[in-house]
Amino acid sequence: MAASRGEFGSRLGFILAAAGSAVGLGNIWGFPSQVAANGGAAFVFVYLLLAFLIAYPVLMTELAIGRFAKANTLAALQKLSTGAVSRCLSSVFGYLGVAVAAVILSFYGVIAGLMLAQCLTSLLALFAVEPGLLSGTGASIFFTLVFMVLTLAIVLKGVSSGIEAWSRRLMPMLIILLLLLIVIVLNQEGSMLGLKAYLVPDISKLWQGELMLSAMGQVFFSLSLGVGTMLIYGSYINRNESLPELGAWVTLVDVAIAFLAGLLIIPAMYVAMSNGVEIFDADGKLLASSQLVFVVLPELFKSLGSFGTLLSALFFAMLVLASLTSSISMLEVPVATVSEQAGLGRKRAGIVSVCIIGSLSVLLILQGEALFDLAVTASTEYGQPLMGLVFCIYLGWLWQRQSLLKELQQGSPHVADSLFWRLWPAYVKYICPLIILLIFYSSLR
Ligand code: PHE
């Protein structure tokens, strides 16, 4: 079976694919809105801290389990199981991961579909065409399904020529576009005020529990943790690669892009404000995050004339690209699991998964906001932390220390002498579960 599994063709390919999974709406849309809603620079500071204290160790957990087992989540957890109970629970958790990935993809596809429509609207506006058809329920369903089909097409090309090749192309393009937009926005009036709000923390806000918990949730979502995505990507890593190093690269790229997205959007908000666009509601609270991207930024682009229209097309194209490298990694979870567990071909598994997930998206669009919010909350606030907890427990409590060390030593022979090795296993065993339980506690309140 191992011989028929895909594998990343190169180190850079893996980094780009895993970073492509991590970088998405969570960074470019979620992170800046959270920064704006949670006290600006204070949130940035806590987020950066938690990325390395929590997200990196959990990411390493998934990558290590994945590469050790060279299998999907379900089979991987089974391989670590020590008795009948943990083996039986492995199936439950394996399919739970698939369900969480499917629900996330179903709402993610809807938002990405809106981005696609917005991108096309701007492109058409460049040619002075004002399409009336790109908004509304029908259009939303149409663009969501287009996005899903694009995702499927890439995933069906397999690991090396599909996911890896596309991430290689899309990720650098994304970074270049982001930098270009930052330079433009920072040259606008009002941007310096935004820069200050983004970079100078208000010390009094730093250690608020709620701020820390939001930052923690954001870091989980942003690094694609707790759905099995990183575990499965880990299973495609060659045994000659150093896992701690690869994990560090992915974390760094993800955090850097979230930081850059903040550097674009927070100053852009202030530029919009100095142009007379409302960004706070009557209570002084930030407008809903969906409005941040769909209302405030288009207003900003509009105020820049036809150059702004071009920027708008580029910006939304960038969001679609970032969403695509994330959505392919979500779809890979059901595809890998169903094809390996049920012996179905990747093509069939992909088509079946997209049909089910696409139907779920249509249901979310037709049912309106309440169901949509429920899907977001259930998957990101409950599903992801629960699965993160499961991975930490399997690695920390079930995996034999010697065998874990052996796995890590492949590709990084000196790991046994490093501080990383001395701290990480115990950290994953005790501290990470504790922190995740804290997230649960906060979301249950
Ligand atoms: N990390 C992605 C983002 O920031 C979202 C994601 C979550 C991707 C879970 C895969 C799995 O947009």
Side-chain angles (χ1 to χ4, degrees), residues 8-35 44 47-48 51-52 55-56 59 108 111-112 115-116 118-119 122-123 150-151 154 162-188 191 194-195 198-199 218-219 221-224 229-230 233 245-269 292-293 297 300-301 307 310-329:
F8 286 109
S10 73
R11 184 189 171 85
L12 183 68
F14 167 77
I15 294 173
L16 289 179
S21 163
V23 174
L25 296 173
N27 305 57
I28 298 175
W29 178 24
F31 176 73
S33 329
Q34 293 250 28
V35 171
V44 180
Y47 179 87
L48 293 179
F52 295 98
Y56 176 63
L59 173 64
Y108 209 82
I111 305 172
M115 306 283 176
L116 194 57
Q118 192 78 37
C119 173
S122 308
L123 273 178
L150 281 176
T151 303
I154 299 177
I163 297 175
E164 182 175 342
W166 274 87
S167 302
R168 257 174 187 274
R169 271 174 236 162
L170 298 182
M171 286 296 291
M173 222 143 86
L174 171 74
I175 295 173
I176 293 170
L177 266 173
L178 205 48
L179 289 174
L180 178 76
L181 287 171
I182 290 172
V183 171
I184 290 167
V185 165
L186 287 185
N187 278 306
Q188 305 288 316
S191 63
L195 201 59
Y198 187 54
L199 296 178
Q218 177 61 29
V219 116
F221 185 75
S222 188
L223 267 161
S224 313
T229 282
M230 289 302 182
Y233 272 24
E245 244 173 70
L246 287 182
W249 270 109
V250 173
T251 310
L252 270 175
V253 172
D254 185 61
V255 167
I257 292 194
F259 185 78
L260 284 181
L263 205 54
L264 165 68
I265 290 178
I266 306 296
M269 276 171 51
L292 189 70
V293 168
L297 286 178
L300 165 73
F301 291 133
F307 181 53
L310 176 68
L311 286 187
S312 168
L314 285 177
F315 179 76
F316 285 104
M318 183 176 87
L319 277 181
V320 173
L321 300 184
S323 308
L324 213 48
T325 50
S326 298
S327 63
I328 55 183
S329 76

> Do Phe307 and Ile184 have side chains that get closer than 4.5 Å, going by heavy atoms?
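They are in side-chain contact.
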> For the side chain of Tyr233 and the backbone of Ile15, is there at least one donor-acceptor N/O pair under 3.5 Å apart?
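Not at all, since once roles are kept as given, no pair shorter than 3.5 Å links the two residues.
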> Counting C-beta onward and ignoring hydrogens, is there a side-chain heavy-atom pair between Pro267 and Leu186 closer than 4.5 Å?
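In contact.
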> With sequence neighbours excluded, what pairs up with Ala112 under the side chain to side chain contact (heavy atoms under 4.5 Å, CB included) test?
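Result, side chain to side chain contact (heavy atoms under 4.5 Å, CB included) vs Ala112: Phe147, Ser323.
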> Is there a side-chain contact between Trp29 and Ile111 in this structure, where contact means two heavy atoms from C-beta onward sitting under 4.5 Å apart?
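In contact.
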> Could you check whether any side-chain N or O of Ser122 sits under 3.5 Å from a backbone N or O of Gln118, counting only pairs where one atom can act as donor and the other as acceptor?
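Looks like yes, one N/O pair under 3.5 Å.
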> Restricting to non-hydrogen atoms, name the atom on Gly20 and the atom on Ser326 that form the minimum distance, rounded to 0.1 Å.
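Closest approach of Gly20 to Ser326: O-OG, 3.4 Å.
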> When the ring centroid of Tyr47 is compared with that of Phe52, is the distance short of 6.0 Å?
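No, the ring centres sit 6.0 Å or more apart.
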> Looking only at heavy atoms, which two atoms of Gly24 and Tyr108 are closest? And how far apart?
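Heavy atoms of Gly24 and Tyr108 come nearest at CA-OH, 3.4 Å.
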> Return the CD1 to CZ distance between Ile257 and Phe31, rounded to the nearest 0.5 Å.
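Spacing of CD1 (Ile257) from CZ (Phe31) equals 12.5 Å.
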> Who are the side chain to side chain contact (heavy atoms under 4.5 Å, CB included) partners of Leu181, not counting sequence neighbours?
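Leu264, Leu311, Phe315, Met318.
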> Roughly how far, to the nearest 0.5 Å, is the CD1 atom of Ile328 from the CD1 atom of Ile154?
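Here the interatomic distance stands at 5.0 Å.
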> Does the pair Leu319 and Phe316 meet the rule for a side chain to side chain contact (heavy atoms under 4.5 Å, CB included), with working shown?
CA-CA 5 Å; Leu319 277 181; Phe316 285 104; 4.1 Å; yes
> I want to check something: taking the side chain as every heavy atom from C-beta on, are Met230 and Val250 in contact at a cut-off of under 4.5 Å?
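Yes, their side chains come closer than 4.5 Å.
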> Report the distance from atom CG of Leu263 to atom CG of Leu178, rounding to the nearest 0.5 Å.
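It comes to 8.5 Å.
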> Flag the pair Leu180 / Leu314 as yes when at least one side-chain heavy-atom distance between them is below 4.5 Å, and no otherwise.
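They are in contact (side-chain heavy atoms under 4.5 Å apart), so the answer is yes.
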> Can you confirm whether the side chains of Thr229 and Ser224 place a donor and an acceptor under 3.5 Å from each other?
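Side-chain D/A pair, Thr229 to Ser224: absent.
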> Test Phe259 against Tyr198 for ring pair (Phe, Tyr, Trp, His ring centres under 6.0 Å), laying out the working first.
CA-CA 10 Å; Phe259 185 78; Tyr198 187 54; 5.3 Å; yes
> Restricting to non-hydrogen atoms, name the atom on Pro32 and the atom on Ile266 that form the minimum distance, rounded to 0.1 Å.
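Reported closest heavy-atom pair: O-CD1, 3.5 Å.
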> Main chain of Gly26, side chain of Gln218: is a donor-acceptor contact present, judged purely on distance under 3.5 Å?
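At least one qualifying donor-acceptor pair exists.
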> What's the spacing between Leu260 CG and Asn27 CG if we round to 0.5 Å?
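Reported to 0.5 Å precision, the distance equals 10.0 Å.
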> What distance do Leu195 atom CG and Ser191 atom OG have between them, rounded to the nearest 0.5 Å?
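That separation rounds to 7.0 Å.
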> State the CG-OG distance between Leu324 and Ser329, to the nearest 0.5 angstrom.
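It is 10.5 Å, given to the nearest 0.5 Å.
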> My understanding is that only residues two or more places apart in sequence, or in another chain, count here; which of them pass ring pair (Phe, Tyr, Trp, His ring centres under 6.0 Å) with Phe14?
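Phe14: ring pair (Phe, Tyr, Trp, His ring centres under 6.0 Å) contacts with Phe8.
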